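Predicted model, so just to flag it, every value in this text is computed and none were measured. Hydrogens, waters and symmetry mates play no part in the numbers below; they use all other heavy atoms, side chains included.
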Amino acid sequence: MKEVIFALMTGFIVGLVFAGFKLPIPAPPAFAGVAGIIGIYLGFKVMAWAGPMLAEFFK
């Protein structure tokens, strides 16, 4: 949980710096982009979990 809090704080500070210098945000500006990133992460985790089972199934 500590990693999540540090990541959130770091992202918040980076967002403040980018806004302060009037730079474009270094992340997807819309919720759809954020949802895509979450989907990529979840797909990676599911494949890491199901990959060994699939390998055994197709053996």
Side-chain angles (χ1 to χ4, degrees):
M1 186 63 174
K2 191 188 309 185
E3 292 176 334
V4 174
I5 293 171
F6 284 145
L8 184 61
M9 288 178 9
T10 303
F12 185 79
I13 291 167
V14 169
L16 288 175
V17 169
F18 272 68
F21 286 106
K22 298 190 184 336
L23 297 170
I25 190 168
F31 180 71
V34 175
I37 292 171
I38 292 169
I40 291 169
Y41 175 78
L42 291 176
F44 182 84
K45 287 297 186 178
V46 167
M47 191 57 170
W49 173 75
M53 288 187 282
L54 290 172
E56 280 296 315
F57 181 75
F58 289 109
K59 204 172 192 184

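Here the CG atom belonging to L42 is positioned 12.0 Å from the CD1 atom belonging to I37, to the nearest 0.5 angstrom.
The side chain to side chain contact (heavy atoms under 4.5 Å, CB included) search around V34 returns I38, not counting sequence neighbours.
Cluster annotation: F18 and F21 are assigned to the same hydrophobic cluster (Ile/Leu/Val/Met/Phe/Trp/Tyr, side-chain heavy-atom contacts under 4.5 Å, transitive). Using a 4.5 Å cut-off between side-chain heavy atoms of Ile, Leu, Val, Met, Phe, Trp and Tyr, with links allowed through other members, L16 and L23 fall into different hydrophobic clusters.
For M53, the CE atom sits in a packed shell: over 12 heavy atoms of surrounding residues, nucleotides or ligands are nearer than 6.0 Å.
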